[in-house]
Amino acid sequence: MERIQKRIASCGIASRRKAEELIKEGRVKVNGVVVETLGYKLNPNDEVTVDDVVVSKVQKQYYVLNKPRGVISSAQDEFGRKTVLDCCSKEILKDRIYPVGRLDYDTKGVILLTNDGDFMNRMVGPQSGIQKEYLVRIKGVISQEELLKLEKGVIINGHMTLPAIAEIDSIDRKNNSCLVRITITEGINHQVKEMFATIGHEVKKLTRVRFGNIRIDDLHEGEVRRLTPHEVKVLFELSKASKVLKKERRNY
């Protein structure tokens, strides 16, 4: 027997967590009857509907988008701003995909798209060890002592961040700025910006260049490509890694 949240997630309707919200809101029915029990177990032939629309299993799809700045990491936006789905073709949108995690409105770079709720939970769930690597243009020239603080962890809103990997990529002394490469495993809101703020450096530009084994490479801004089965398999394996970073594990 299959739990109802899993069926909804496997059909690409929503993640398991979002499915629980749909159930609580009374929007899910089994064989025409509203289900109010989280974890309700389904028989193979049970008909599930969300908002009275029958859900059916779809082929799982996985994509990567090089998100431009000024684009919302959401399936829709109440203010009518451009979303990551606006970067996708109609053919891709037929698979009812949604973003895996988020990138800030003014941040560009790698973001994954899928219709696989289980995959999304593995990538951005609280136990996921997936590494996210960023190139950060900051005001001022960072010192080795400040880099060490980032690597050991800093306090953001009462939370001590997990160990990071940070190094200077280039220095622009003429304009009093530098480019720092930092790798983290957490996903706190505005985490990278807040981390640099704690050591007195304002972030001017932020780009996520890697998510796990997926890099920007030659993917142009706004461009989407399908992940290979091997890339997806590696992502699942990387999600099992420890969230505590070590420098020797930085490159893939």
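Side-chain atoms are counted along with the backbone in the values below, which use heavy atoms only and exclude waters and symmetry mates. All residue numbers refer to positions in the sequence shown, counting from 1.
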(message) side chain to side chain contact (heavy atoms under 4.5 Å, CB included) for Ile214 and Leu235? Distances and angles first, verdict last.
(response) CA-CA 8 Å; Ile214 309 302; Leu235 280 166; 4.0 Å; yes

Donor-acceptor pair, [X] side chain versus [Y] backbone, under 3.5 Å?
| X | Y | answer |
| --- | --- | --- |
| Asp169 | Val180 | no |
| Glu231 | Thr228 | yes |
| Glu194 | Gln191 | no |
| Asp95 | Ile97 | no |
| Thr49 | Val54 | no |
| Asp116 | Phe119 | yes |
| Ser239 | Phe236 | yes |
| Glu223 | His220 | yes |
| Ser74 | Gln76 | yes |
| Glu151 | Ala166 | yes |

Checking side-chain polar atoms at under 3.5 Å, does [X] have a donor or acceptor matched by the opposite partner on [Y]?
| X | Y | result |
| --- | --- | --- |
| Asn175 | Asp172 | yes |
| Tyr98 | Asn115 | no |
| Asp104 | His190 | yes |

Decide if atom [atom1] of [X] counts as having more than 12 heavy atoms of other residues, nucleotides or ligands within a radius under 6.0 Å.
| X | atom1 | answer |
| --- | --- | --- |
| Lys41 | NZ | no |
| Asn157 | CG | no |
| Asp218 | CG | no |
| Glu221 | CD | yes |
| Glu25 | CD | yes |

Are [X] and [Y] ion-paired here, with the side-chain N under 4.0 Å from a carboxylate O?
| X | Y | result |
| --- | --- | --- |
| Arg27 | Asp51 | yes |
| Glu91 | Lys94 | yes |
| Asp77 | Arg81 | yes |
| Lys29 | Asp52 | yes |

Single-linkage hydrophobic cluster [X]~[Y], side-chain heavy atoms < 4.5 angstrom:
| X | Y | answer |
| --- | --- | --- |
| Val110 | Ile188 | no |
| Ile184 | Ile155 | no |
| Leu147 | Val141 | yes |
| Leu206 | Leu65 | yes |
| Leu162 | Val124 | no |

(request) Show the numbers, then the answer: is there a side chain to side chain contact (heavy atoms under 4.5 Å, CB included) between Asp106 and Lys193? (result) CA-CA 11 Å; Asp106 59 350; Lys193 294 176 183 176; 2.6 Å; yes

For the atom pair [atom1] ([X]) and [atom2] ([Y]), what is the distance rounded to the nearest 0.5 Å?
| X | Y | atom1 | atom2 | value |
| --- | --- | --- | --- | --- |
| Glu186 | Leu245 | CD | CG | 9.5 Å |
| Lys67 | Thr83 | NZ | OG1 | 10.5 Å |
| Leu22 | Ile8 | CG | CD1 | 6.0 Å |
| Met120 | Arg16 | CE | CZ | 11.0 Å |
| Leu112 | Leu227 | CG | CG | 6.0 Å |
| Gln5 | Lys18 | CD | NZ | 14.0 Å |

(message) Applying the side chain to side chain donor-acceptor pair (under 3.5 Å) criterion to Ser177, which one of Lys139, Lys205, Arg137 satisfies it?
(response) Arg137

(request) Give the intermediate values and the outcome of side chain to side chain contact (heavy atoms under 4.5 Å, CB included) for residues Val100 and Ile111. (result) CA-CA 7 Å; Val100 176; Ile111 187 167; 5.6 Å; no

(request) Would you mind reporting whether Arg122 and Gln127 have side-chain heavy atoms less than 4.5 Å apart? (result) no

(request) Answer yes or no: is there a side-chain heavy-atom contact under 4.5 Å between Lys6 and Leu42? (result)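 Not touching, per the 4.5 Å side-chain cut-off.
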
(message) If you compare all heavy atoms of Lys82 against all heavy atoms of Cys87, which two are closest, and at what distance to 0.1 Å?
(response)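 Scanning both residues, the minimum pair turns out to be CE-SG, 4.1 Å.
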
(request) Give a yes/no verdict on a cation-pi contact between Arg181 and Tyr134, requiring under 6.0 Å between NZ or CZ and the six-membered ring centre and an angle within 45° of the axis. (result) no

(request) Show the numbers, then the answer: is there a side chain to side chain contact (heavy atoms under 4.5 Å, CB included) between Thr207 and Thr107? (result) CA-CA 6 Å; Thr207 302; Thr107 298; 5.9 Å; no

